[in-house]
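Each chain gets a letter, A, B and so on, in the order its sequence line appears, and its residues count up from 1.
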Amino acid sequence: MTNETSAAPTIPKQKWIDHGDALELLPPADFSFDATLGYLTRSANECMFHTDAESGSLYRLIPCSDRPGDHALVKISGADGSILISPAEEGTALPEAPLARAAVAAYVWDWFDLSVDMQPFYDLARHDPLLSEAVKRFYGLRIVGITDLFEALCWGVIGQQINLAFAYTLKRRFVEAFGQSVQWNGRAYWTFPTPEAVAEATVDDLTPLQLTGKKSEYLIGIAGLMAEGSLSKSKLLQNMDDIRALEKELTRIRGIGPWTANYVIMRCLKHPAAFPIEDVGLHNAIKHLLRMERKPTIEEIERLSVDWGNWKAYATFYLWRVLY
DNA sequence: CTCCAGGGTTGGA
DNA sequence: TCCAACCATGGA
């Protein structure tokens, strides 16, 4: 049985095969599972999934529907040009409901951004002084998404103005305080906290995690907006034709500035023109690649990126990968 | 001890 | 619109 679904007319179809005991995704030929796994393995303190370099596979809880607690613990591995999704525990079964299986397949498809035709990006990057080395090194890597909007927003806020190592520590404490977990094989697998759970918290609940008072307020405020329904991924996705409008809508929210807005538009909404131009990591990558004595100015980055067009998000992601 | 970190808000020119 | 001051805390 071959399943083909499409979320929007402009988005190429998802291609996957249901083998019963496993789902097999058929990504574009230039997709590299190893490059993706390499990216996902970069932080040892990541709490939302587990990578196993030895077996070349990846384990995480994946939602099967919108209902909290409805999820499957799966193993994801690369297999000769395709991606295999199977139960984490051998001998057990994937969810039976066709909708649940489709949801799992769609989640991974979106997570790895498999609908994008990368050829135009590679064509332009090959001759770009900043990008040529990065696309050679990480060929086949796509923007690894943060599918859940609340998770993307929280991760953006948490990561503001602190180093990445500490940011991962804070995220772990936040998830362990407000998320749900499943134990398997001596390890906990977590779902990201729901907006409802965080909206009920107070600043005094968050500051013991070493989140600052401001960040605690931001996280609770964002959780409230999402819990009441005034902020949702489906609503934002209706504005995909106007990235400026998206940016404006997000930056109206307390705690979300231009950097966080573009970060979320890039990692969650997957708009290809998202560009967190103020990002320190981007600055450091450019400084490194051009062997500069100082970090580039915004104006210099604007000049360097004039030809990136609708590929600014991909350019940023590949440049980050050079240093992180 | 100093400097920096995948920024944001606030208040003033 | 643009800038400085302030926020606050771990890592190197």
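With a cut-off of 3.5 Å on both pairing distances, the Watson-Crick or G-U wobble partner of C/dT9 is B/dA5.
Residue-level contact check: A/Gln161 touches the bases, meaning some heavy atom is under 4.0 Å from a base atom. Within the nucleic acid shown, A/Arg252 has no heavy atom closer than 4.0 Å to any nucleic acid atom. Within 4.0 Å of A/Pro276, counting heavy atoms only, lies no atom of the nucleic acid at all. Residue A/Leu170 is out of contact with every strand shown, counting any heavy-atom pair closer than 4.0 Å. Across all strands shown, A/Leu209 has no heavy atoms under 4.0 Å from either base or sugar-phosphate atoms.
Within the 4.0 Å cut-off from OP1 or OP2 of B/dG6, not a single side-chain nitrogen or oxygen of A/Lys295 is found. A close approach under 4.0 Å does not occur between any side-chain nitrogen or oxygen of A/Gln160 and OP1 or OP2 of B/dG6. Distances shorter than 4.0 Å separate some side-chain N or O of A/Thr260 from OP1 or OP2 on B/dG8. Residue A/Tyr218 places no side-chain N or O under 4.0 Å from the OP1 or OP2 atom of B/dG8.
Rounding to whole angstrom units, CZ of residue A/Arg294 and C1' of B/dC3 are separated by 19 Å. Regarding A/Asn163, its CG atom lies at a distance of 18 Å from the P atom of C/dA8, rounded to whole Å. In this structure, CG of A/Leu323 is placed 13 Å from C1' of B/dA5, rounded to the nearest angstrom. If you measure from atom OH of A/Tyr168 to atom C1' of C/dT9, you get 19 Å, rounded to the nearest angstrom. Taking atom CD1 of A/Ile158 as the reference point, atom P of C/dT9 lies 15 Å away to the nearest angstrom. A/Leu282 has its CG atom 14 Å from the C1' atom of B/dG7, to the nearest Å. Residue A/Lys171 contributes atom NZ, which lies 20 Å from atom P of C/dG10 at whole-angstrom precision. A straight line from OH of A/Tyr318 to C1' of B/dG6 spans 19 Å, rounded to a whole angstrom.
Between the side chain of A/Arg254 and the base of B/dG7 there is no donor-acceptor pair of N/O atoms closer than 3.5 Å.
The 5' end of DNA chain B is approached more closely, in terms of each residue's nearest nucleotide, by A/Ile162 than by the other of A/Gly257 and A/Ile162.
Between A/Tyr168 and A/Trp155, the ring center distance clears the sub-6.0 Å criterion. Ring centers of A/Phe49 and A/Tyr189: at least 6.0 Å apart, outside the cut-off.
Electrostatic pairing of A/Asp52 and A/Arg187 does not count as a salt bridge here, judged by no charged N lying under 4.0 Å from a carboxylate O. Salt-bridge formation is not detected for the pair A/Arg303/A/Glu299: no Lys NZ or Arg NE/NH1/NH2 atom is positioned less than 4.0 Å from an Asp or Glu carboxylate oxygen. The pair A/Glu300-A/Lys295 fails the salt-bridge criterion, with no side-chain N (NZ, NE, NH1 or NH2) lying under 4.0 Å from an Asp/Glu carboxylate O.
In this structure, the nucleotide among B/dA5, B/dG8, C/dG10 sitting nearest to the side chain of A/Phe166 is C/dG10.
Other residues, nucleotides and ligands contribute more than 12 heavy atoms inside 6.0 Å of the CG atom of A/Asp123.
To the nearest whole angstrom, the two P atoms, one in B/dG6 and one in C/dC7, are 22 Å apart. When the C1' atom is compared between C/dG10 and B/dT9, the two are found 22 Å apart, to the nearest whole Å.
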